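The chains referred to below are lettered A, B, ... by the order of the sequence lines, with proteins before strands, and numbering in each begins at 1. Being a predicted model, the structure only gives us computed values, none of them experimental.
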Amino acid sequence: MAIADRSKVMDKVVALCKRRGFIFQSSEIYGGLNSCWDYGPLGVELKSTVSRLWWEEMTRKHDEIVGLDAAILMHPRVWEASGHVSNFTDPLIDCKTCKGRFRFDQLPVDESGAPVRKWRLPSGDKGESPARADNRYCPTCGSSDLSDVRQFNLMFKTFMGPVEESASVVYMRPETAQGIYVNALTIADCMRLKPPFGIAQIGKAFRNEITPGNFIFRTREFEQMEMQYFVKPGDDDRWFDFWKGERMRYVTEVLGLRPERLRFHEHGKGELAHYAKAAFDIEYEFPFGWSELEGIHNRSDFDLKQHSEFSGKLQAIFDEESKSKYIPYIIEASAGLTRAVLAVLVDSYDEDEQEGENRVIMHFHPRLAPIKAGVFPLMRKDGLPEIADELYRTLNKKWRVFYDQGGSIGKRYRRMDEIGTPFGITIDYESKEDHAATIRHRDTLEQVRVSLDQIPQWLEKRL
RNA sequence: GCGGGAGUAGCUCAGUUGGUAGAGCAUCAGCCUUCCAAGCUGAGGGUCGCGGGUUCGAGUCUCGUCUCCCGCUCCA
C-alpha cells in the first residue's frame, strides 16, 4: 500500500491531475502562465466538495457563525490599516558572489571603517526614500559585492476606472480576512449577534509571491477559507484553544488526512507576526516537506483597533452588563482551500504493484470523491446496457456517477481507481434474474450483492 | 528576480553530418470478452513551447521570450 519513494509522489500527482482532468496549467496553449492553475471537471468537484464541507462545518455546526462574500477590491486605506502596505513591501538585495537573497534591513553592517557604499532605497508607498551609507556584507559568504536594493511589493496593484492615475490605484486583496473585519459590526447589527460570534468566508486572494511553486501549494492567485471569531477580551485564550481543537478534528475527520502526516505547532513569542498574540499551525507532511495547511491565530484587538483609527469610526460593541463599549478580540481560523485540495490529493495517492502491473488508486474518502460510483454492464449486449443505463440515470440525479461500457471489466475498474471512485457497480447476467448488482469496493476489492432498488440507500449510508 | 537543468502526439520517448515527423501506451469506432487493464481491425491527433535570424531548406545552428523542475525568500 505504501509507495517506496514518496519524493516522486508530487510528480505523479501532477501528471495524474493533468491526465485525468483534475488540475492543469492555465493558458496552456499559449505556453502556460506561471503559478496559475485551472481546475478541470474532477478538480472542481473535489475543490468545491472540500470548500462545501468547510462551510458546513462552520455555518451549520455553529449557530453563531454566519457567512460573507466580500469584494476582492477594497478601499486602499484598508491595506494601510492592516499593515500590508508597509509590511508587504520588502527591500531585497542579492549577493553577487553566493547568489543569496536577503532583506536589506537584515544585512549585517561592518562598523570598522568609514561608510563606503551609499544605498539608494526605492521609495515606499508613503513616498519615503531614506538614503543610507554604510558597509553591508553578505551574512552567508561575507562578500560585499551586492546588487542594488530592489522593492518587492507582494500586493497586486490594478487601476480602478479607465484612466491609469495613481489616485485610482487599488489592490487585489492579499487575504480575505480584512473583508470580514471591515464588515464585522454591520453584520453583528443586522444579524443581531453579540460576541462570541463568527463570520466565515471563502474566496480568492492574490499575492505576488517572489517564489511560487510546488504545484498548487503556493500560487499567486489562491483561495482561502477563513473564519473570524469575535470574542470578549479575556475570553480569547479559551476560544483560541477551542478552535485549535475544532480545526485539528477537521483535518483528520473531515478531510481524512493520515494522522502520521499531520503535526501541530504552537508559535513561540519570537516567531509571532505583528498582529498575533498567539499562533497555532496545522502542518502536513507534503512530499516536499512539512508545510502549513492552516493556522489559528489570536489576533487580539489589533485589526479592529487599526480600522477604528484609520476610518475614524470606532469598531466597538456595547456591553449590556458593564454599560460600556469594547473592541472585541478576534480568533482567526485561516485555511488554504487549494492547499487542502493538494493535501487530499497527495494523501490519497497510492500504487498497488502486483506481478509487474501497476494500479494507481486515489483513496479519497467517499465523501470527497469527485465521482461516487461507476456503473458498468458486464457485457455490451443481451440487455445488460439497458439495465445499467437505467440504474445510472437514477443514481446520477443525486450523485455524480459515471457510466462506462468500454473495454474489459477490469479495465473499467482501473479507470475508476485512478480517479478515486469508491464503488464500482456491475450489472451481470444474474441481474436479469435477481434484480441485483455486484458492488466492488475500490480499497478492499470486496464485492457485495445489492438489490437494484436498494442501491441508492446503500450508497447514501456510505457517502 | 538570480544561478543550474529541461521543453518533439494526452503520456513515455526516437529522430542519424540541417533535407520537410515516427513508435509504444492512451483516446475514438467496430469485433471479441461472463468480474479486476493492455486480443483483433481501423481511425483521429503534432505549423517539433513561442517569436525573430542564418540558410535554397531548421525539430536539428543562433538570439530573444515563455513555461516547467532544483536551490535562494515568504506564508494559507
Side-chain angles (χ1 to χ4, degrees), chain A residues 7 10-11 14-16 18-21 24-36 87-88 90 92-103 106 138 140 147 150-152 154 174-177 204-205 207-220 222-226 273 279 281-284 288 291-297 332-340 342-343 352 354 356-360 376-382 384 406-418 424-431 437-440 442 445 447 449:
Chain A
S7 64
M10 265 316 269
D11 290 342
V14 174
L16 173 75
K18 186 183 180 190
R19 188 168 70 241
R20 299 308 307 267
F24 28 78
Q25 209 176 12
S26 162
S27 320
E28 206 178 10
I29 62 169
Y30 288 99
L33 183 62
N34 191 10
S35 157
C36 296
N87 288 314
F88 257 50
D90 291 340
L92 297 179
I93 69 165
D94 295 317
C95 169
K96 290 181 179 171
T97 308
C98 72
K99 311 299 177 194
R101 162 165 294 173
F102 310 94
R103 269 178 57 173
Q106 287 173 353
C138 172
T140 306
S147 72
R150 278 170 305 178
Q151 198 73 353
F152 280 68
L154 299 209
E175 62 174 32
T176 54
K204 294 227 168 171
R207 287 182 198 173
N208 230 331
E209 298 285 352
I210 301 165
T211 310
N214 285 326
F215 193 32
I216 56 169
F217 181 78
R218 183 182 292 114
T219 50
R220 296 198 168 109
F222 62 106
E223 214 157 341
Q224 291 185 306
M225 306 185 287
E226 294 197 313
D281 287 345
I282 298 179
E283 297 182 341
Y284 177 79
F288 48 83
S291 296
E292 191 181 341
L293 207 53
E294 57 176 277
I296 295 91
H297 306 110
E332 165 186 75
S334 177
L337 168 54
T338 30
R339 282 185 183 185
L342 181 59
D352 190 13
Q354 288 171 351
E357 284 186 8
N358 205 9
R359 186 168 75 109
V360 174
F376 320 120
L378 186 59
M379 288 293 142
R380 209 187 330 187
K381 57 184 179 189
D382 303 323
L384 300 188
S408 71
I409 192 68
K411 189 167 187 171
R412 285 177 269 170
Y413 286 152
R414 300 255 168 139
R415 284 201 273 249
M416 289 296 106
D417 290 340
E418 202 181 22
I425 306 171
T426 303
I427 302 296
D428 56 25
Y429 282 95
E430 274 135 70
S431 302
T438 303
I439 304 183
R440 171 259 198 193
R442 174 196 67 201
L445 301 186
Q447 303 196 348
R449 195 75 182 167

Rounded off to whole Å, could you give me the [atom1]-to-[atom2] distance for the [X] and [N] pair?
X	N	atom1	atom2	value
A/F288	B/C72	CZ	P	14 Å
A/D281	B/A76	CG	P	8 Å
A/R449	B/C35	CZ	C1'	11 Å
A/D382	B/U34	CG	C1'	10 Å
A/Y413	B/A38	OH	C1'	18 Å
A/N208	B/C75	CG	C1'	14 Å
A/H297	B/C75	NE2	P	10 Å
A/R218	B/C70	CZ	P	12 Å

Residue whose nearest RNA chain B nucleotide is more 5′ - A/F217 or A/G410: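 This one resolves to A/G410.
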With nearest nucleotide decided by heavy atoms, which residue, A/Y429 or A/C36, maps closer to the 5′ end of RNA chain B?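 Closest to the 5' end, via its nearest nucleotide, is A/Y429.
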Using the [atom1] atom as the reference point in each nucleotide, state the distance between [N] and [M] in Å, no decimals.
N	M	atom1	value
B/G22	B/A29	P	26 Å
B/G4	B/A9	P	27 Å
B/C36	B/C70	C1'	39 Å
B/C61	B/G18	P	8 Å
B/G57	B/U20	P	15 Å
B/C50	B/U8	C1'	14 Å
B/A6	B/G15	P	15 Å
B/G46	B/A23	P	15 Å

[N] - base-pair partner by Watson-Crick or wobble geometry, distances under 3.5 Å:
N	answer
B/C35	none
B/G7	B/C66
B/U47	none
B/G22	B/C13
B/U55	none
B/G71	B/C2
B/G30	B/C40

Do A/R207 and B/C74 share a donor-acceptor pair, side chain to base, under 3.5 Å?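 No.
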Is there, by distance only and without an angle test, a donor paired with an acceptor across the side chain of A/R440 and the base of B/C36 below 3.5 Å?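 By the distance-only test, yes, there is a pair.
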If only atom types and distance count, is the side chain of A/R339 paired as donor or acceptor with the main-chain N or O of A/F217 below 3.5 Å?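 Checked: pair present.
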A/S35 side chain to A/R220 main-chain N or O, any donor-acceptor pair under 3.5 Å?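 Yes, A/S35 side chain to A/R220 backbone: donor-acceptor pair under 3.5 Å.
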How many angstroms lie between atom NE2 of A/H297 and atom CG of A/D281, to the nearest 0.5 angstrom?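 So the gap between those two atoms works out to 5.5 Å.
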Could you state the interatomic distance from CD1 (A/I427) to CG (A/D382), rounded to the nearest 0.5 Å?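 Output value for this atom pair is 14.0 Å.
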[X]: side chain to side chain contact (heavy atoms under 4.5 Å, CB included) partners, not counting sequence neighbours:
X	result
A/K411	A/S408, A/R415
A/S26	A/L33, A/C36, A/D38
A/V360	A/Y349, A/E351, A/E418

Sugar-phosphate only, base, or nothing, as touched by [X] at under 4.0 Å among non-hydrogen atoms:
X	value
A/T219	base
A/S334	sugar-phosphate
A/L293	sugar-phosphate
A/F376	nothing

Which residues satisfy the side-chain hydrogen bond (donor to acceptor under 3.5 Å, both in side chains) test with [X], sequence neighbours excluded?
X	result
A/T176	A/Q224, A/E226
A/R218	none
A/S431	A/D428

Does B/U67 have OP1 or OP2 sitting under 4.0 Å from an N or O in the side chain of A/Q25?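 Answer is no, no contact under 4.0 Å.
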Taking only N/O atoms, report every protein-nucleotides 40-46 of chain B pair under 3.5 Å with atom names and distance.
none

Could you list the residues that satisfy salt bridge (charged side-chain N to carboxylate O under 4.0 Å, His left out) with A/R440, not counting sequence neighbours?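 Checked A/R440 against salt bridge (charged side-chain N to carboxylate O under 4.0 Å, His left out); matches are A/D417.
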Pair A/Y413, A/L445 - check side chain to side chain contact (heavy atoms under 4.5 Å, CB included), show working. CA-CA 10 Å; A/Y413 286 152; A/L445 301 186; over 6 Å; no
Protein-nucleotides 10-12 of chain B N/O pairs under 3.5 Å:
residue, atom, partner, partner atom, Å
B/C11, OP1, A/K18, NZ, 2.6

Residues in ring pair (Phe, Tyr, Trp, His ring centres under 6.0 Å) with A/Y429, at least two apart?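 Scan of A/Y429 (ring pair (Phe, Tyr, Trp, His ring centres under 6.0 Å), adjacent residues dropped) gives none.
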Using ring pair (Phe, Tyr, Trp, His ring centres under 6.0 Å) as the criterion, list what pairs up with A/F222, not counting sequence neighbours.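 Counting only residues at least two positions away or on another chain, A/F222 forms no ring pair (Phe, Tyr, Trp, His ring centres under 6.0 Å).
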Return the nearest nucleotide to the side chain of A/N214; candidates are B/C70, B/A76, B/C35.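 The answer is B/C70, which lies nearest to the side chain.
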pi-stack flag for A/F222 and B/A76, centroid dist under 5.5 Å, interplanar under 30°: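 It does: the two rings, one from A/F222 and one from B/A76, meet the stacking criterion.
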At under 4.0 Å between heavy atoms, which parts of nucleotides 26-33 of chain B does protein reach? Answer with one letter per nucleotide, 5' to 3': B base, S sugar-phosphate only, - none. SS--S-BB
Minimum side-chain heavy-atom gap A/R207-A/E175 below 4.5 Å: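 The answer is yes, as the side chains (C-beta and beyond) meet within the 4.5 Å cut-off.
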